[in-house]
J.: 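Just dropping this structure here.
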Protein chains: 2
Amino acid sequence: MFHFRDQDYRCSSEIVMRLVSGKWKLAILYVLSQTSLRYHELQKRLPDATQRMLTMQLRELERDELVVRKVYPVVPPKVEYSLSELGIQMVPLLNALCDFGTLYMESPLRNHSKADTSSVQYQ
Amino acid sequence: MFHFRDQDYRCSSEIVMRLVSGKWKLAILYVLSQTSLRYHELQKRLPDATQRMLTMQLRELERDELVVRKVYPVVPPKVEYSLSELGIQMVPLLNALCDFGTLYMESPLRNHSKADTSSVQYQ
DNA sequence: CGGTATCCGGCGCGATACTG
DNA sequence: CAGTATCGCGCCGGATACCG
């Protein structure tokens, strides 16, 4: 059913989990998939993320080379974030996650009373 | 680039994250995608998972209706775990995760020295 | 055989204040 | 404007022991 050997499958899929595990990473990848943004613009689109968390998540995404951070040496400071090549290649997967999420929520196979689907509220 | 509205996307994809977030969930879904298994057989395939964790992860997967737990009222006890309909529908997504993980690890775009790709060892 | 119960530590994340 | 620094807590998961 899977087309990978045990080792391949478990390692590879868990690598992806590590890449996107973090409270704001999916949201960041999402907004950056639409357009590059400066730090403050990201803040405005993710109003519930604290400065600290937003910076931490961006740093990790940058370290993992899904996001590119470009600093313009001007005053006042200007920093622009965008998806890297790898980040862009990840977009179809993110859409697939979304597709299954929607399928799951709307599935008649699901007993809607059991699973707690409450989630963070975005503006 | 994404084909969802903000709300749809962020909520739906994070639902999936919540479903599979947990140390052994991907591994469990993987082995169950190949065959139904009794508890002790699962233990043998996931030798690094403690009893406590294995049970907890299975209970959550059952609660979220990705896995079915069937109890046979016999002595000694017999319990069999298998993927639910929803769990089976999730398999292509799990493969997609694996595909990107492999792509990511092998990508020439990646600076291999930076990202820490060490992972749990499976037997 | 297929689990629970209890105790405990690490770390992801929040709140708040400060800075080049 | 775009960040650090510090403090603290909840909870995920490990270790160990016990049970119907």
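These numbers were taken from a predicted model, which means no experiment stands behind them. Order of the sequence lines sets the chain letters (A, B, ...), proteins ahead of strands, with each chain counted from 1.
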J.: Could you give the start and end, 5' to 3', of the contact zone on DNA chain C for chain A, using atoms under 4.0 Å from its heavy atoms?
T.: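 Contacts span C:dC13 to C:dG20, reading 5' to 3'.
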J.: Please report, rounded to the nearest Å, how far the P atom of D:dG3 is from the CD atom of A:E41.
T.: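 In whole Å, D:dG3 P and A:E41 CD are 13 Å from each other.
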J.: Taking only residues two or more places apart in sequence or in another chain, which ones pass side chain to side chain contact (heavy atoms under 4.5 Å, CB included) with A:Q43?
T.: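 Here the qualifying residues are A:Y39, A:H40, A:Q51, A:L54.
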J.: Atom CD1 of A:I28 and atom C1' of D:dA2: how far apart are they, to the nearest Å?
T.: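 For the pair A:I28 CD1 and D:dA2 C1', the rounded distance is 14 Å.
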J.: How is A:Y81 classified with respect to the nucleic acid when contacts are heavy atoms under 4.0 Å: base, sugar-phosphate, or nothing?
T.: sugar-phosphate
J.: Separation of A:Q57 atom CD from D:dG3 atom P, in whole Å?
T.: 14 Å
J.: For A:H40 and D:dG3, give me the distance from atom NE2 to atom C1', rounded to whole Å.
T.: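 These atoms are roughly 13 Å apart.
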J.: Would you list the protein and nucleotides 14-20 of chain D atom pairs, both N or O, that sit under 3.5 Å from each other?
T.:
{"unit_1": "D:dG14", "atom_1": "OP1", "unit_2": "B:K23", "atom_2": "NZ", "d": "2.5"}
{"unit_1": "D:dG14", "atom_1": "N7", "unit_2": "B:R52", "atom_2": "NE", "d": "3.4"}
{"unit_1": "D:dG14", "atom_1": "O6", "unit_2": "B:R52", "atom_2": "NE", "d": "3.3"}
{"unit_1": "D:dG14", "atom_1": "O6", "unit_2": "B:R52", "atom_2": "NH2", "d": "3.3"}

J.: Between CG of B:L66 and CD of B:E85, what distance do you get to the nearest 0.5 Å?
T.: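 Going from CG on B:L66 over to CD on B:E85, the span is 12.0 Å.
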J.: Kindly write out the residues that satisfy side chain to side chain donor-acceptor pair (under 3.5 Å) with B:Y81, not counting sequence neighbours, or none if the list is empty.
T.: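 Side chain to side chain donor-acceptor pair (under 3.5 Å) check on B:Y81 returns B:R59, B:R69.
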J.: Apply side chain to side chain contact (heavy atoms under 4.5 Å, CB included) to B:L103 and list each qualifying residue two or more places apart in sequence or on a separate chain.
T.: A:Q89, B:F100
J.: Could you tell me if the side chain of B:L86 sits less than 4.5 Å from the side chain of A:R110, heavy atoms only?
T.: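 Result yes, sub-4.5 Å side-chain heavy-atom pair found.
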J.: Taking side chain as C-beta onward, heavy atoms only, is A:K70 less than 4.5 Å from A:S82?
T.: no
J.: With sequence neighbours left out, write down each residue that passes side chain to side chain donor-acceptor pair (under 3.5 Å) with B:E60, or none if nothing qualifies.
T.: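 By the side chain to side chain donor-acceptor pair (under 3.5 Å) rule, B:E60 matches B:K25.
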J.: What is the distance, rounded to the nearest whole Å, between atom CZ of A:R69 and atom P of D:dA2?
T.: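 Those two atoms, CZ and P, are 10 Å apart.
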J.: Per the end-axis method with five pairs at each terminus, what is the bend angle of the helix from C:dC1-D:dG20 to C:dG20-D:dC1, to 10°?
T.: 60°
J.: My understanding is that a hydrophobic cluster links ILVMFWY residues whose side chain heavy atoms are under 4.5 Å apart, including indirect links. Using that, what else belongs to the cluster containing A:Y72?
T.: A:V74
J.: Whole-Å distance between D:dC12 P and B:M17 CE?
T.: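 One finds 14 Å between P of D:dC12 and CE of B:M17, rounded.
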J.: Rounded to whole Å, how long is the line connecting atom CZ of B:R18 with atom P of D:dC12?
T.: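 One finds 12 Å between P of D:dC12 and CZ of B:R18, rounded.
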J.: To the nearest Å, give me how far apart CD (A:E80) and C1' (D:dC1) are.
T.: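 One finds 14 Å between C1' of D:dC1 and CD of A:E80, rounded.
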J.: So do A:T50 and A:T55 actually touch side chain to side chain, heavy atoms under 4.5 Å?
T.: no
